[in-house]
Amino acid sequence: IPVYKILNRFYLVVLKRFVIVFLPQHSSVVQLNVGGHLFSTTLSTLRRHPESKVAELFGSQPKVSTDAEGRFFIDRDGSHFGAVLEFLRSEKLPTENIREVYTEAVHYNIKPLIKRLEETPELFGELVGRQQFLSRVPHYKENIEVLIRIARAEAVAARRSTILICVMRTEDDLGFYDNAVNSLEAGKESAVTFGPWKADPSVRDLLDCVKMDIESRGYNVSIEAHVPERSFLSKSYDFFYKLTFTWW
């Protein structure tokens with residue numbers, strides 16, 4: 001390739017960068033490369049919400065690098081950035097992939113989009129209903145991690161791993177904990193315990209949440225009631241459930 005052509009290409013790239021970086025007019029067109037997804041927009045669109053991370057990245061001195069073609073490069077999966085960009089342009093909300101777009105809105109700190117998405121039926125029930133309930137169940141997230149760790153430890157040369165869950169719905173139930181645990185048969189002396197909580201959802205609602213959150217991690221699980229073996233004179237307790245992981 002002749003030297004003058006190489007120089008022309010070099011100067012063209014430099015010129016593109018100069019126009020974008022040093023002349024940030026509201027009408028300036030910006031070429032974006034978000035994790036390999038290409039977009040064209042304007043600086044005024046990107047700066048629509050001054051408190052957002054997007055506006056910060058494309059301020060008077062952009063804080064992003066450029067790719068080999070001179071496009072601004074954001075090192076993040078750009079699969080749903082188009083929906084974010086469309087909201088910045090027209091305040092239009094996406095009609096699909098709501099949760100994924102919400103994740104991007106939170107990452108870029110676009111508060112109007114976050115608020116609008118949280119008001120959609122799909123997210124309202126999860127964030128305002130289910131998550132508010134789970135926040136009142138002591139050590140819920142930690143218990144989910146414990147269940148997964150135990151199940152994985154018991155998965156060696158086995159098709160299934162079974163773990164006992166003990167659900168204490170009220171403070172009164174908690175008073176029977178020691179007697180209930182003692183009623184378990186040999187080899188099942190311990191169980192991962194949930195509760196008590198001060199909220200309306202039932203024990204079945206809590207178990208549905210456990211199943212949902214573990215399955216969201218890619219595991220195949222089922223839950224059924226567990227009745228401890230007991231003698232003729234011993235008392236039975238309905239606090240126990242079997243959580244079964246199926247590996248193959």
Side-chain angles (χ1 to χ4, degrees), residues 32 34-39 41-42 44-57 74 76-148 165 167-170 192 194-225 241 243-246:
L32 298 178
V34 184
H37 296 260
L38 305 182
F39 304 93
T41 185
T42 64
S44 60
T45 295
L46 295 173
R47 297 170 178 170
R48 185 81 65 196
H49 300 288
E51 77 287 352
S52 71
K53 184 177 179 179
V54 178
E56 179 185 352
L57 289 174
I74 299 177
R76 184 173 177 83
D77 185 356
S79 301
H80 304 289
F81 186 79
V84 173
L85 188 57
E86 186 58 37
F87 179 82
L88 294 177
R89 288 170 175 151
S90 62
E91 296 193 354
K92 180 180 178 181
L93 290 179
T95 57
E96 55 186 14
N97 302 314
I98 302 296
R99 294 176 186 273
E100 292 79 4
V101 177
Y102 178 77
T103 299
E104 297 306 297
V106 171
H107 173 75
Y108 293 111
N109 192 34
I110 305 174
K111 293 180 180 179
L113 178 55
I114 293 172
K115 185 176 184 299
R116 293 278 299 278
L117 289 175
E118 288 179 346
E119 293 172 350
T120 62
E122 183 172 351
L123 288 184
F124 182 85
E126 170 69 15
L127 298 174
V128 177
R130 201 175 80 93
Q131 291 301 327
Q132 287 291 324
F133 158 53
L134 294 180
S135 69
R136 302 183 184 187
V137 179
H139 312 297
Y140 177 81
K141 292 183 179 179
E142 293 88 340
N143 282 349
I144 293 295
E145 297 301 326
V146 169
L147 289 171
I148 292 174
I165 296 176
V167 183
M168 298 290 183
R169 171 69 180 80
T170 67
V192 177
F194 289 85
W197 61 87
K198 295 180 180 180
D200 290 335
S202 66
V203 169
R204 176 48 57 185
D205 293 327
L206 184 280
L207 295 174
D208 285 344
C209 288
V210 170
K211 187 174 187 295
M212 181 187 306
D213 287 331
I214 293 178
E215 288 184 335
S216 71
R217 304 275 290 271
Y219 297 97
N220 180 14
V221 296
S222 61
I223 300 178
E224 60 182 330
Y241 299 84
L243 175 65
T244 302
F245 287 69
T246 300

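Along the sequence shown, residues carry numbers from 1. These values consider heavy atoms only, across backbone and side chains, with no hydrogens, waters or symmetry-generated copies. Note that this is a predicted model, so its numbers are computed, not measured.
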Tell me whether Arg48 contacts the main-chain N or O of Leu88 through its side chain, where contact means a donor paired with an acceptor under 3.5 Å. yes
If you round to the nearest 0.5 Å, how far is CD1 of Ile148 from CG of Asn143? 11.5 Å
Test side-chain contact (heavy atoms from CB on, under 4.5 Å) on His49 and Leu113 and set out the steps. CA-CA 10 Å; His49 300 288; Leu113 178 55; over 6 Å; no
Output all residues satisfying ring-ring contact (aromatic ring centres under 6.0 Å, His included) with Phe87, sequence neighbours left out; order by chain, then residue number. none
Evaluate the side-chain proximity of Pro201 to Leu206: yes if any heavy-atom separation is below 4.5 Å, no if none is. no
Looking only at heavy atoms, what is the nearest atom pair of Lys211 and Ser222, with distance? CE-CA, 4.3 Å
Measuring only between side-chain heavy atoms, which start at C-beta, is Arg217 closer than 4.5 Å to Glu145? yes
Are His80 and Thr103 close enough that some pair of their side-chain heavy atoms sits under 4.5 Å apart? no
How many angstroms lie between atom OG1 of Thr120 and atom CG of Leu127, to the nearest 0.5 angstrom? 8.5 Å
For the residue pair Pro112 and Glu51, establish whether any side-chain heavy-atom pair is separated by less than 4.5 Å. yes
Contact summary for Pro94 and Ala83, nearest pair of heavy atoms: CB-CB, 4.2 Å
Non-hydrogen side-chain atoms of Leu32 and Leu46 separated by less than 4.5 Å: yes
Does Arg130 come within less than 4.0 Å of Asp213, counting only side-chain N to carboxylate O? yes
Just do the side-chain contact (heavy atoms from CB on, under 4.5 Å) check on Phe39 and His37 with the steps written out, would you? CA-CA 7 Å; Phe39 304 93; His37 296 260; 3.6 Å; yes
I'd like to know if the side chain of Asp208 reaches the main chain of Asp205, judged simply by a donor and an acceptor atom lying under 3.5 Å from each other, with no hydrogens or angles considered. no
List the atom of Pro138, the atom of Pro196, and the distance in Å for their closest heavy-atom pair. CD-O, 3.1 Å
Could you tell me whether Arg99 and Glu104 have a side-chain N and a carboxylate O separated by less than 4.0 Å? no
Flag side-chain contact, heavy atom, 4.5 Å: Val210 against Leu147: yes
Step by step, would you call Phe245 with Asn220 a side-chain contact (heavy atoms from CB on, under 4.5 Å)? CA-CA 6 Å; Phe245 287 69; Asn220 180 14; over 6 Å; no
Would you give the length of the straight line joining atom OG of Ser52 to atom CZ of Arg47, rounded to the nearest 0.5 angstrom? 11.0 Å
Under the criterion side-chain contact (heavy atoms from CB on, under 4.5 Å), I'd like the reasoning laid out for Thr244 against Val221: C-alpha separation, chi angles, the key distance, then a yes or no. CA-CA 5 Å; Thr244 302; Val221 296; over 6 Å; no
Quick one: CD on Gln131 to SG on Cys209, what's the gap to the nearest 0.5 Å? 8.0 Å
Nearest-0.5 Å distance that lies between atom OH in Tyr140 and atom CG in Leu134: 5.0 Å
Main chain of Glu86, side chain of Ser90: is a donor-acceptor contact present, judged purely on distance under 3.5 Å? yes
Is there side-chain contact between Leu243 and Val192, with at least one heavy-atom pair below 4.5 Å? no
So, do Tyr108 and Arg76 sit near enough that their side-chain heavy atoms are less than 4.5 Å apart? yes
Is the count of non-hydrogen atoms from other residues, nucleotides or ligands lying under 6.0 Å from His139 atom NE2 greater than 12? no
Verify the ring-centre separation between Trp197 and Phe133: is it less than 6.0 angstrom? yes
Inter-residue atom distance Met212.CE - Leu207.CG, 0.5 Å rounding: 12.0 Å
Indicate the atoms forming the closest heavy-atom contact of Thr95 with Ile98, along with that distance. C-CD1, 4.2 Å
Return each pair, listed once, that meets salt bridge (Lys or Arg N to Asp or Glu O under 4.0 Å) where at least one residue sits in residues 108-119; pairs must be two or more places apart or across chains. Lys115-Glu119
Checking salt bridge (charged side-chain N to carboxylate O under 4.0 Å, His left out) for the pair Glu56/Lys53: CA distance, chi angles, key distance, verdict? CA-CA 5 Å; Glu56 179 185 352; Lys53 184 177 179 179; over 6 Å; no
